[in-house]
Amino acid sequence: MYFAVALDGNHEPLLLAIGFGTLECEESWRWFMMKLKECLGEDTEVGFISNLCDKIDFGVQSAYPGSYHGYCPKDIARKIRESVGHNDTEVESLFWKSCNAYSVHDFYLCLERLQSACRKPPFCTLLRSPIFWLDDIAISKWTRAFFPKVRYNVKSIDGPEMLQIISTRRLSGGLTPYVESKVQKRVNKSYNLMARRLYGDTFEVDDNFATSKVQLEQRVCSCGKWQKSGIPCGHAIASLRTRTSEAIHEMVDYKFTAFVYRLAFGSELVNSIPSHVHWEILNETVVLLPPSKK
(Lines give C-alpha, C1' and ligand atoms only; values in the text may rest on other atoms or scores of the structure.)
Protein backbone atom coordinates (compact mmCIF):
# COMPACT_ATOMS: atom_id res chain seq x y z
CA MET A 1 0.00 0.00 0.00
CA TYR A 2 1.36 3.43 -0.99
CA PHE A 3 0.36 6.80 0.50
CA ALA A 4 1.01 10.39 -0.46
CA VAL A 5 0.02 12.72 2.37
CA ALA A 6 0.35 16.47 2.86
CA LEU A 7 0.01 18.67 5.93
CA ASP A 8 -2.43 21.55 5.54
CA GLY A 9 -2.24 24.99 7.13
CA ASN A 10 -3.78 23.68 10.34
CA HIS A 11 -1.15 20.92 10.67
CA GLU A 12 -3.67 18.22 9.81
CA PRO A 13 -3.04 15.36 7.36
CA LEU A 14 -4.54 15.61 3.90
CA LEU A 15 -4.58 12.42 1.83
CA LEU A 16 -3.44 13.14 -1.73
CA ALA A 17 -3.25 9.66 -3.20
CA ILE A 18 -3.39 6.01 -2.25
CA GLY A 19 -2.21 3.01 -4.23
CA PHE A 20 -2.15 -0.76 -3.89
CA GLY A 21 0.51 -3.12 -5.12
CA THR A 22 1.63 -6.71 -4.71
CA LEU A 23 5.35 -5.93 -4.44
CA GLU A 24 7.27 -2.96 -3.03
CA CYS A 25 10.06 -2.31 -5.48
CA GLU A 26 11.63 0.57 -7.37
CA GLU A 27 9.32 0.20 -10.37
CA SER A 28 6.18 0.11 -8.21
CA TRP A 29 7.18 3.33 -6.46
CA ARG A 30 8.02 4.88 -9.83
CA TRP A 31 4.55 3.93 -11.11
CA PHE A 32 2.91 5.44 -8.02
CA MET A 33 4.88 8.67 -8.31
CA MET A 34 4.04 9.00 -12.00
CA LYS A 35 0.34 8.59 -11.21
CA LEU A 36 0.69 11.20 -8.47
CA LYS A 37 2.28 13.56 -10.96
CA GLU A 38 -0.67 13.07 -13.31
CA CYS A 39 -3.00 14.17 -10.50
CA LEU A 40 -0.93 17.15 -9.28
CA GLY A 41 0.10 18.37 -12.73
CA GLU A 42 3.41 18.98 -14.42
CA ASP A 43 3.99 22.48 -13.06
CA THR A 44 3.31 21.73 -9.38
CA GLU A 45 6.37 22.38 -7.22
CA VAL A 46 6.61 19.70 -4.55
CA GLY A 47 9.05 18.22 -2.06
CA PHE A 48 8.95 14.80 -0.42
CA ILE A 49 9.66 13.44 3.05
CA SER A 50 9.71 9.65 3.41
CA ASN A 51 11.11 6.86 5.54
CA LEU A 52 14.60 5.47 4.96
CA CYS A 53 13.80 3.71 1.72
CA ASP A 54 16.00 3.87 -1.37
CA LYS A 55 13.10 2.57 -3.46
CA ILE A 56 11.08 5.70 -2.69
CA ASP A 57 14.08 7.86 -3.52
CA PHE A 58 14.29 6.16 -6.91
CA GLY A 59 10.56 6.75 -7.54
CA VAL A 60 10.78 10.42 -6.56
CA GLN A 61 13.82 11.13 -8.72
CA SER A 62 12.25 9.30 -11.67
CA ALA A 63 8.97 11.24 -11.58
CA TYR A 64 10.21 14.52 -10.10
CA PRO A 65 13.91 14.84 -11.00
CA GLY A 66 14.01 18.50 -9.97
CA SER A 67 12.27 18.08 -6.61
CA TYR A 68 13.71 17.62 -3.14
CA HIS A 69 13.50 14.33 -1.23
CA GLY A 70 14.36 14.14 2.46
CA TYR A 71 14.06 11.50 5.16
CA CYS A 72 11.70 11.53 8.13
CA PRO A 73 13.80 12.23 11.25
CA LYS A 74 11.54 9.95 13.30
CA ASP A 75 12.82 6.98 11.33
CA ILE A 76 16.41 8.06 11.96
CA ALA A 77 15.69 8.57 15.68
CA ARG A 78 14.19 5.08 15.84
CA LYS A 79 17.33 3.64 14.26
CA ILE A 80 19.46 5.57 16.78
CA ARG A 81 17.55 3.96 19.66
CA GLU A 82 18.19 0.57 18.14
CA SER A 83 21.89 1.34 17.65
CA VAL A 84 22.60 2.59 21.18
CA GLY A 85 20.25 0.10 22.83
CA HIS A 86 18.50 2.65 25.05
CA ASN A 87 15.43 4.86 25.00
CA ASP A 88 15.48 8.62 25.59
CA THR A 89 19.28 8.77 25.50
CA GLU A 90 21.41 11.88 25.41
CA VAL A 91 22.42 10.89 21.89
CA GLU A 92 18.85 10.89 20.61
CA SER A 93 18.12 14.21 22.32
CA LEU A 94 21.15 15.82 20.70
CA PHE A 95 20.13 14.34 17.35
CA TRP A 96 16.74 16.10 17.56
CA LYS A 97 18.41 19.39 18.46
CA SER A 98 20.67 19.02 15.43
CA CYS A 99 17.74 18.06 13.23
CA ASN A 100 15.53 20.98 14.33
CA ALA A 101 18.21 23.69 14.25
CA TYR A 102 17.10 26.56 12.02
CA SER A 103 20.52 28.02 11.19
CA VAL A 104 23.65 26.35 9.85
CA HIS A 105 25.65 27.77 12.76
CA ASP A 106 23.32 26.24 15.37
CA PHE A 107 23.27 22.95 13.48
CA TYR A 108 27.05 22.50 13.60
CA LEU A 109 27.11 23.41 17.29
CA CYS A 110 24.53 20.71 18.02
CA LEU A 111 26.22 18.22 15.69
CA GLU A 112 29.54 18.73 17.49
CA ARG A 113 27.85 17.97 20.82
CA LEU A 114 26.22 14.90 19.27
CA GLN A 115 29.53 13.57 17.96
CA SER A 116 31.18 14.28 21.31
CA ALA A 117 28.47 12.32 23.18
CA CYS A 118 28.95 9.37 20.83
CA ARG A 119 32.65 9.24 21.67
CA LYS A 120 31.92 8.69 25.37
CA PRO A 121 31.01 5.46 27.20
CA PRO A 122 28.73 3.58 27.11
CA PHE A 123 27.96 4.53 23.53
CA CYS A 124 31.40 4.43 22.00
CA THR A 125 33.38 1.22 21.49
CA LEU A 126 37.03 0.76 20.60
CA LEU A 127 36.06 0.29 16.99
CA ARG A 128 33.51 2.96 16.07
CA SER A 129 30.56 5.08 17.14
CA PRO A 130 27.20 3.26 17.40
CA ILE A 131 25.66 5.71 14.92
CA PHE A 132 28.50 5.61 12.37
CA TRP A 133 25.89 5.00 9.67
CA LEU A 134 24.55 8.55 10.13
CA ASP A 135 27.66 9.84 8.36
CA ASP A 136 26.52 8.02 5.22
CA ILE A 137 23.26 10.00 5.08
CA ALA A 138 23.55 13.45 3.52
CA ILE A 139 22.77 16.09 6.14
CA SER A 140 20.49 17.83 3.66
CA LYS A 141 18.30 14.72 3.84
CA TRP A 142 17.38 15.09 7.51
CA THR A 143 18.20 18.59 8.73
CA ARG A 144 16.01 21.65 8.68
CA ALA A 145 18.94 24.08 8.35
CA PHE A 146 20.08 22.53 5.05
CA PHE A 147 16.61 21.97 3.62
CA PRO A 148 16.50 24.17 0.49
CA LYS A 149 12.97 25.43 1.21
CA VAL A 150 10.40 25.39 3.99
CA ARG A 151 10.46 22.04 5.76
CA TYR A 152 7.37 21.41 7.82
CA ASN A 153 7.30 19.40 11.00
CA VAL A 154 6.71 15.73 10.29
CA LYS A 155 3.59 14.17 11.74
CA SER A 156 3.33 10.42 12.26
CA ILE A 157 0.48 9.07 10.15
CA ASP A 158 -0.39 5.40 9.86
CA GLY A 159 -2.67 3.45 7.55
CA PRO A 160 -5.90 3.56 9.59
CA GLU A 161 -5.64 7.34 9.91
CA MET A 162 -5.67 7.60 6.13
CA LEU A 163 -9.12 6.05 6.07
CA GLN A 164 -10.64 8.70 8.32
CA ILE A 165 -13.21 11.12 6.96
CA ILE A 166 -11.94 14.20 5.16
CA SER A 167 -14.53 16.97 5.49
CA THR A 168 -14.67 20.72 4.95
CA ARG A 169 -13.17 22.65 7.85
CA ARG A 170 -14.90 25.67 9.31
CA LEU A 171 -12.65 28.24 10.86
CA SER A 172 -13.04 31.73 12.24
CA GLY A 173 -10.44 34.38 12.92
CA GLY A 174 -7.43 35.53 10.97
CA LEU A 175 -5.12 32.51 11.36
CA THR A 176 -5.62 28.77 11.56
CA PRO A 177 -5.84 27.44 15.14
CA TYR A 178 -2.51 25.61 14.88
CA VAL A 179 -0.62 28.71 13.74
CA GLU A 180 -2.46 30.89 16.27
CA SER A 181 -1.14 28.67 19.08
CA LYS A 182 2.40 28.77 17.62
CA VAL A 183 2.30 32.57 17.46
CA GLN A 184 1.06 32.83 21.05
CA LYS A 185 3.88 30.59 22.32
CA ARG A 186 6.44 32.74 20.55
CA VAL A 187 4.83 35.91 21.89
CA ASN A 188 5.15 34.56 25.44
CA LYS A 189 8.81 33.69 24.93
CA SER A 190 9.54 37.08 23.37
CA TYR A 191 8.98 38.89 26.67
CA ASN A 192 12.36 37.63 27.85
CA LEU A 193 14.15 39.11 24.83
CA MET A 194 15.66 42.56 24.50
CA ALA A 195 15.23 44.31 21.15
CA ARG A 196 17.16 47.39 20.03
CA ARG A 197 16.50 49.31 16.83
CA LEU A 198 19.60 49.69 14.67
CA TYR A 199 18.10 51.66 11.80
CA GLY A 200 14.82 51.75 9.91
CA ASP A 201 13.10 48.38 10.27
CA THR A 202 16.30 46.57 11.34
CA PHE A 203 16.62 45.41 14.95
CA GLU A 204 19.19 43.61 17.08
CA VAL A 205 17.71 41.16 19.58
CA ASP A 206 19.50 39.57 22.53
CA ASP A 207 18.11 36.27 23.87
CA ASN A 208 20.78 35.80 26.59
CA PHE A 209 22.54 33.17 24.46
CA ALA A 210 23.13 34.93 21.17
CA THR A 211 22.32 38.10 19.27
CA SER A 212 20.07 37.96 16.22
CA LYS A 213 19.43 40.52 13.53
CA VAL A 214 15.86 41.10 12.37
CA GLN A 215 14.71 42.86 9.19
CA LEU A 216 10.96 43.29 9.44
CA GLU A 217 10.09 44.37 5.90
CA GLN A 218 12.12 41.53 4.39
CA ARG A 219 10.66 39.14 7.00
CA VAL A 220 14.11 37.81 7.78
CA CYS A 221 15.86 36.89 11.03
CA SER A 222 19.43 35.65 11.28
CA CYS A 223 18.24 32.76 13.47
CA GLY A 224 16.52 31.35 10.37
CA LYS A 225 13.25 30.39 12.06
CA TRP A 226 11.08 33.06 10.42
CA GLN A 227 12.18 32.12 6.90
CA LYS A 228 11.95 28.38 7.52
CA SER A 229 8.54 28.31 9.22
CA GLY A 230 6.71 31.28 7.70
CA ILE A 231 5.79 32.37 11.23
CA PRO A 232 7.57 35.28 13.01
CA CYS A 233 10.17 34.03 15.48
CA GLY A 234 10.51 35.34 19.02
CA HIS A 235 13.19 37.81 17.88
CA ALA A 236 10.86 39.28 15.25
CA ILE A 237 7.97 39.47 17.71
CA ALA A 238 10.20 41.23 20.26
CA SER A 239 10.97 43.77 17.54
CA LEU A 240 7.25 44.13 16.83
CA ARG A 241 6.30 44.50 20.48
CA THR A 242 5.73 48.24 20.11
CA ARG A 243 3.08 47.54 17.48
CA THR A 244 -0.37 45.97 17.80
CA SER A 245 -1.08 42.22 17.87
CA GLU A 246 -2.67 42.58 14.44
CA ALA A 247 0.74 43.64 13.09
CA ILE A 248 2.23 40.36 14.29
CA HIS A 249 -0.50 38.38 12.53
CA GLU A 250 0.15 40.29 9.34
CA MET A 251 3.74 39.07 9.40
CA VAL A 252 2.60 35.42 9.20
CA ASP A 253 2.78 33.82 5.76
CA TYR A 254 -0.48 34.34 3.88
CA LYS A 255 -0.98 30.61 3.32
CA PHE A 256 -1.57 30.13 7.07
CA THR A 257 -4.58 32.43 7.19
CA ALA A 258 -8.06 31.07 7.86
CA PHE A 259 -9.23 32.72 4.62
CA VAL A 260 -6.85 30.65 2.48
CA TYR A 261 -7.68 27.55 4.50
CA ARG A 262 -11.43 27.95 3.95
CA LEU A 263 -10.86 28.77 0.29
CA ALA A 264 -8.82 25.60 -0.24
CA PHE A 265 -11.22 23.21 1.47
CA GLY A 266 -14.30 24.96 0.18
CA SER A 267 -13.29 24.60 -3.46
CA GLU A 268 -14.38 21.83 -5.79
CA LEU A 269 -10.77 20.66 -6.06
CA VAL A 270 -11.13 18.89 -2.71
CA ASN A 271 -13.57 16.00 -2.90
CA SER A 272 -14.83 15.74 0.66
CA ILE A 273 -16.08 12.37 1.86
CA PRO A 274 -19.48 12.59 3.58
CA SER A 275 -20.22 10.94 6.90
CA HIS A 276 -20.55 7.14 6.77
CA VAL A 277 -24.27 7.45 7.58
CA HIS A 278 -24.77 8.76 4.04
CA TRP A 279 -22.77 6.04 2.32
CA GLU A 280 -24.69 3.93 -0.18
CA ILE A 281 -24.63 0.25 0.75
CA LEU A 282 -25.12 -2.06 -2.22
CA ASN A 283 -27.17 -5.23 -1.82
CA GLU A 284 -25.08 -7.16 -4.30
CA THR A 285 -21.64 -8.26 -3.18
CA VAL A 286 -18.92 -8.96 -5.71
CA VAL A 287 -16.13 -11.28 -4.61
CA LEU A 288 -12.86 -10.93 -6.50
CA LEU A 289 -10.73 -14.10 -6.36
CA PRO A 290 -6.95 -14.06 -6.82
CA PRO A 291 -5.66 -15.29 -10.18
CA SER A 292 -5.18 -19.02 -10.31
CA LYS A 293 -1.69 -20.46 -10.61
CA LYS A 294 -0.96 -22.33 -13.80
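Here the structure is a predicted model, which is why all the values come from computation and not from measurement.
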Please check if the number of heavy atoms outside [X] that lie under 6.0 Å from its [atom1] is greater than 12.
X: E112; atom1: CD; result: no
X: M194; atom1: CE; result: no
X: R113; atom1: CZ; result: no

For the pair [X] (side chain) and [Y] (backbone), establish whether a donor and an acceptor sit closer than 3.5 Å, ignoring hydrogens and angles.
X: R197; Y: G200; answer: yes
X: S93; Y: E90; answer: no
X: R186; Y: I231; answer: yes
X: T202; Y: L198; answer: no
X: K37; Y: A63; answer: yes
X: N100; Y: W96; answer: yes
X: Q227; Y: C221; answer: yes

Steps toward side-chain contact (heavy atoms from CB on, under 4.5 Å) verdict (S239, V214): CA-CA 8 Å; S239 304; V214 177; 3.9 Å; yes
Do [X] and [Y] touch side chain to side chain, with heavy atoms closer than 4.5 Å?
X: Y64; Y: H69; result: no
X: C223; Y: S103; result: no
X: I80; Y: W133; result: yes
X: V60; Y: S67; result: yes
X: L94; Y: L111; result: no
X: P73; Y: F95; result: yes
X: V205; Y: T211; result: no

Salt bridge (charged side-chain N to carboxylate O under 4.0 Å, His left out) between K141 and D57, worked out: CA-CA 11 Å; K141 286 282 191 181; D57 192 47; 3.2 Å; yes
Proximity of W31 and Y2 rings by center, below 6.0 Å: no
Residues in side chain to side chain contact (heavy atoms under 4.5 Å, CB included) contact with N188, at least two apart in sequence or another chain: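 Applying side chain to side chain contact (heavy atoms under 4.5 Å, CB included) to N188 gives Q184, Y191.
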Qualifying residues under side chain to side chain contact (heavy atoms under 4.5 Å, CB included), relative to K185, sequence neighbours excluded: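 Per chain and number, K185 pairs via side chain to side chain contact (heavy atoms under 4.5 Å, CB included) with no residue.
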Selection residues 204-215 - residue pairs positive for salt bridge (Lys or Arg N to Asp or Glu O under 4.0 Å), sequence neighbours left out: R196-E204
S62 vs M33, side-chain contact (heavy atoms from CB on, under 4.5 Å): CA-CA, chis, key distance, verdict: CA-CA 8 Å; S62 298; M33 289 298 175; over 6 Å; no
Stacked cation flag K228 on Y102, 6.0 angstrom / 45 deg: no
R30 to F58 six-membered ring, cation-pi geometry met (6.0 Å, 45°):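 No cation-pi geometry.
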Nearest heavy-atom pair of [X] and [Y]: which atoms, and what distance?
X: F107; Y: A145; value: CB-CB, 4.1 Å
X: L114; Y: V91; value: CD1-O, 3.3 Å
X: Y71; Y: D54; value: OH-OD1, 3.8 Å
X: T257; Y: T176; value: O-CG2, 4.1 Å
X: L193; Y: K189; value: CG-O, 3.9 Å
X: W226; Y: L216; value: CH2-O, 3.8 Å

Quick check on the hydrophobic clustering: are [X] and [Y] connected, directly or via other members, by side-chain heavy-atom contacts under 4.5 Å?
X: V104; Y: I139; answer: yes
X: L52; Y: F132; answer: yes
X: V220; Y: F203; answer: no

Lys/Arg-Asp/Glu bridge criterion (N-O < 4.0 Å) met for D106, K225: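 Salt bridge flag = no for K225 with D106.
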Salt-bridge contact K55-E24 (side-chain N to carboxylate O under 4.0 Å): no
Gap between atom NZ of K97 and atom SG of C99 - 0.5 Å precision: 13.5 Å
Mutual orientation of the aromatic rings belonging to Y254 and F259 [parallel < 30°, tilted 30-60°, perpendicular > 60°]: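 Rings of Y254 and F259: tilted, 30 to 60°.
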Check: W142/S98 side-chain N/O donor and acceptor closer than 3.5 Å: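 The answer is no; no qualifying pair exists.
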